[in-house]
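Worksheet: one structure, shown below.
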Amino acid sequence: MDRGEAQRAGLLVSAGFIDLHAHLREPGFEESETVATGAHAALRGGFTTICAMPNTEPAIDAPGLVAELLARAEAARGARVLPIAAITRGRAGKALADLVELARAGAVAFSDDGAPVDDARLFRHALEYARAADLLLVEHPQDLALSGRGVMHEGSVSARLGLPGIPAAAEETAVARDLSLLELVGGRMHLTHLSTAGSVELVRRAKGRGLPVTCDVTPHHLAMTDEWVAGSRTFAYDDHRADSTPKARRGVLGGTESPRWAYDSSTKVNPPLRTATDVRALWAGLADGTIDAIATDHAPHASVRKDVEYDQAAFGVAGLETALPLVLGGVRAGWCDRDVALAALTAGPARILRITPGADDWIAIDPDAEWVVRGDEIVSLGRNTPLLGLTLRGRVVQATVGGEVRFRGGRVGEAHAAV
Amino acid sequence: MAAPRAVLLTGDDIRRAVSRIAHEIVERDRDVSALAMVGIRSRGDVLAARLRDAIQAHEGTRVPLGSLDITLYRDDLTRIGYAPVVHRSALDFSVDDRVVVLVDDVLFTGRTVRAALDALVDYGRPRAIRLAVLVDRGHRELPIRADFVGKNVPTKADDDVRVHLAEADGRDEVEVLSREGVAS
Amino acid sequence: MKWSRRHILDTDDWSRDEIESVLETTGAMVEVLSRPVRKAPPLRGRTVILFFAEASTRTRVSFELAAKALSADVTNVTASGSSVEKGETLLDTVRTLEALGGDLVVMRHASSGAPYFVAERTSTPVINAGDGAHAHPTQGLLDAYTLRGALGDLDGRRVVIVGDVTHSRVARSDVNTLVPLGARITLSGPPTLMPAAWRCGALPDGVAYEPDLDRALDGADAVIALRLQKERQESGLLPSLREYTRVWGLTGARVARMRPDAPVMHPGPMNEGIEIDAAVAHGTRSLVETQVRNGVAVRMALLYLLAGTPSLEAA
């Protein structure tokens, strides 16, 4: 269907979503995701453009690898894929990669993502070098010493569960460092997947001082709290309990019921799911423009890396296909205007990347369609999401890339989806 | 609709039965000092205490008294699908070489007595074990017989015989509730 | 009350009635253990699998004695080190356990939450015999039973737990069992060994934190000292073991600050001379050996109660 037909069918038409942060795992971890599966999972989630993070094996740190990634993406005929290349060779945090050549080969930004550049001096030089070439650095702010062996947010829930915690300060001290260096050097710096109230406040003040920083949050950090590690499946914006009782928090454990959900490694993600207060602050940051974009940090994993003890599981949530309903949940709760939230999935990331997507990249959304997240319907090879079995509201009915319909929500039972 | 109810033993009947059984026990085993009363919880332990008191009244000897909880010895544990509450047994004397009178309120299939016998021998090796019951209602499923019986009562297998004793229930009475004629 | 739990993974969502019913059953089991024949037949024909993926002779032997006292057959599945090192994953082990076809699995594991992983993937009831820093439900229950024996009703009683609370599953299970019985808990110990949220005031109901052990012990009704792992010093959480002993070690003088005859407990094994003086460990107030004895009875009670739960198929 074309835009007019979609509108007449009562659907919401939007520019295609742009994801600043996705892991496609290829090359090196093809059992977890490939460029093709990731690019098609993206379409199901409404993303017509996704940025591929370079933590692959080998890392995307050479022009040939960028070219190869682009070729695979072209062949996949899914969402458009924009490569993000490594800042340092092999993402080892020791020596800068050839940033300018990588940019010429098609890298839209640079990041060491999961292995943030710990050495402040080297990161300063990266910023200086990138600034001269007007390149964008995407920084995953984390103080590795402070996060240590933590596997979830450090707070009351981690205390109760006996799991080592990652304090909010592990992110906030890194954000503060990065902002200081940006103030010193200048350039384009984007902070990805902020998760704490303190981080949002640091960025808010930095922007107030005129620093050229941008940032994003993930849908899971906007929807879930650390209580999810203990087995809760109540979205932050649906939680109206003044004080939750242990029974309610762990209700799945009682009696003869199955103990599923507590210590479910699908809730293990870095940065970790934070508290309800942090979630509220992320939404406030989104509403007042402190936060520029929503990015999925789609991190698919093969089951062998997740179907293990909580402390031994890999970090990451597969997020491309469920981003929209998580964001709409907060919109329905009145925590943010719909237009602002949708802009954070479209115009926001486009501005950060300095790209102008064509009008023929567009999607049709049924914001009220309810659907159940089922493992066998997930397009991504990663089924690592704590949303399995839950009912979500809002789904993408069609995704069009360059005027070509590349995804149609065929199995949807809703009346207006069958156009 | 209420089930037809009949009183099998009144308070007086129970008093006389206990007294008679006490006499019979002493007649059978004249060496009162070797006797011990062990009641099966619950109700058997109450009757055992009454028998002990009756023997003391007649003979002037206070024989040891114990109570047994036979839950752990039930033969239907794997079948009933839940774990019935286990109570503490109390046998703070040695049963070795004693004549132990096992006491229960109602003798029916014999399975409870079988369990009690198993439990009892885990405490030692009595010289003899006798069985005293207030009511024998028949329908045995095991080769077990009482040595002392308050009253033999013919019943239907699905009748419900209930023993009420003042110490536990506030009154003394044995009644039978018949299933017959009850709309199911 | 009728027992309805399938697994014993944590006591944090247990009602007071459930705890009471385990303690009552424990009393009956203590009586069984006092007989000349310390054995009863309720688990005859049942197999209890002891899956210990972390070394622990004491708890394993306690469970083994408990299972045997109820006439169960006992099989040990041991595993040392993490599953990654062995090349056998926990999932592989679960499949093996399922194939072995035991009636109950008792498991100890170094990872918090591992019993949830197993319970979710098997049809067999699971008893958590200690998982990482999370929970040790049978220790919490045996401590409650032991304290009841020494103090009677725990309503309004104040129990001090001192030591490495952060890494202690015993501390968590003691809190989860004693608080519903009416006790109040004062945690004490180095701030670096206290979970950050609890140190900063976000404590569970009925629990307080008092870093000064002398103040914590003043007028207390009982104290439980936790084992100090010597590695804590190496990881920078403690200046020295000597300083720990000076500030948080249980000495005779400290113990005397409690109410007269207030008992001293320890989950064992004790580092005498570090977290507890030998004289206190073996003194008249010490209930350490009573804890060990009661441990078998508590475990019998739980094995009995769980063996009675209908299997998944029957439910």
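We name chains A, B, ... by the order of the sequence lines, and we start the count at 1 in each one.
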Under 3.5 Å, is there a donor-acceptor pair between the side chain of Ser19(B) and the main chain of Arg15(B)? no

Using the test salt bridge (charged side-chain N to carboxylate O under 4.0 Å, His left out), find all partners of Glu31(C) that sit at least two apart in sequence or belong to another chain. Arg35(C)

Measuring heavy-atom distances to chain B, does Arg38(C) have an atom under 4.5 Å in its side chain, in its backbone, in both, or in neither? neither

Find out whether the Lys NZ or Arg CZ of Arg108(C) is both under 6.0 angstrom from the six-membered ring centre of Phe52(C) and within 45° of the ring's axis. no

Could you tell me whether the side chain of Thr122(C) and the main chain of Val118(C) form a donor-acceptor pair under 3.5 Å? no

Looking at Ala119(B), Gly124(B), Pro84(B), which makes the most heavy-atom pairs under 4.5 Å with chain C? Pro84(B)

Under a 3.5 Å distance rule, please check whether Asp172(B) uses its side chain to pair with a backbone N or O of Ala166(B) as donor and acceptor. yes

So which residues of residues 53-75 of chain B are in contact with chain C at a heavy-atom cut-off of under 4.5 Å? Thr71(B), Leu72(B), Tyr73(B)

Arg20(B): which residues meet the salt bridge (charged side-chain N to carboxylate O under 4.0 Å, His left out) condition with it, sequence neighbours left out? Glu24(B)

Going by the ring-ring contact (aromatic ring centres under 6.0 Å, His included) test, which pairs reach into residues 16-49 of chain C, not counting sequence neighbours? none

